[in-house]
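The structure appears below as structure tokens.
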Amino acid sequence: MAEAAAHPSVRLSYPVISQALELSASPQLRNMATIGGNIMQRTRCTYFRDVSAACNKREPGSGCAAREGFNRTHAILGTSESCVATHPSDAAVAFAALEASVHLLGPDGARTVPFADFLLRPGSTPNREQALRKGELITAVEIPAHPRPLKSGYLKVRDRQSYEFALTSAAVALHIRGGVIRAAKVAAGGVGTVPWKLPAVERQLIGERPSKALWAEAAERAADGAHPLRHNHFKAELLRRTVERQLRTVGGTK
Ligand code: SF4
């Protein structure tokens, strides 16, 4: 992770990836950790980590202690009756925004899976988290070539400024030519059971001229379809504000 974050090509072409990586974990962990391991990491739901609690992800069919428990940090998008845990990776949010693909190698050969299909929503089987088949391993994450120039960046909002997971985050990449937004790639973290692509926000932006009003209008769509839990209603508004701020940071305010 540290090497990828510092790589001159990544820094130049996809600052959103460098920033997402550098806002993850600690320098020591980033020196040890791999990209594949980062996107495969499991949820930080405290009930998942507490072996005395009911958890369908850890023990299928046992229930979900978080649904009626303390769920301030849990998901508001992509949840199911069985599980409401967020996916913890920051880099995965950048990969989702940029429409990456995951290269896999296994006993039956090589294959490529779109990033959007690689991490699975919980549904009734939250114990199944990735589209990996038995014996497969990740060999690469590929970012497609996006039109240039591409401005991008990652914003992570959390309870403390280091060594903490996101309450909300936003990965934004914009291709602006002739004063008009020609391409927009936006995804959110900390709010979904998987990194959450925001196509409604992207559609609001394409073909428009950057302005403060446009950022606010597009960000209004960020929490579309959200189902907050008892303790995390704040996340819907925080998500809209996170997306608006990051659109303004990346796209400017003229
Ligand atoms: S939210 Fe998911 S991970 Fe957390 S307790 Fe419920 S089933 Fe387990």
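Small disclaimer: the values here were computed from a predicted structure and weren't measured. These numbers come from the heavy atoms of this one structure, side chains and all, not from hydrogens, waters or symmetry mates. Atoms within a ligand are numbered from 1 in the order they appear, just like the ligands themselves. All residue numbers in this chain count up from 1 along the given sequence.
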Sort by chain and number the protein N/O/S atoms that are closer than 2.8 Å to atom 6 (Fe) of ligand 1, and list them.
C64 SG
Test side-chain hydrogen bond (donor to acceptor under 3.5 Å, both in side chains) on S152 and Y14 and set out the steps.
CA-CA 6 Å; S152 72; Y14 297 109; over 6 Å; no
Note: R240-E237 ion pair, threshold 4.0 Å (strictly below)
yes
Check whether more than 12 heavy atoms from other residues, nucleotides or ligands sit under 6.0 Å from atom CZ of R158, and answer yes or no.
yes
At their closest point, which heavy atom of T86 faces which heavy atom of T73, and how far apart are they?
CG2-O, 3.6 Å
Do we get R30 above Y163's six-membered ring, with its NZ or CZ under 6.0 Å from the centre and within 45° of the axis?
no
Without hydrogens or angle criteria, can the side chains of N127 and T125 be said to hold a donor-acceptor pair below 3.5 Å?
no
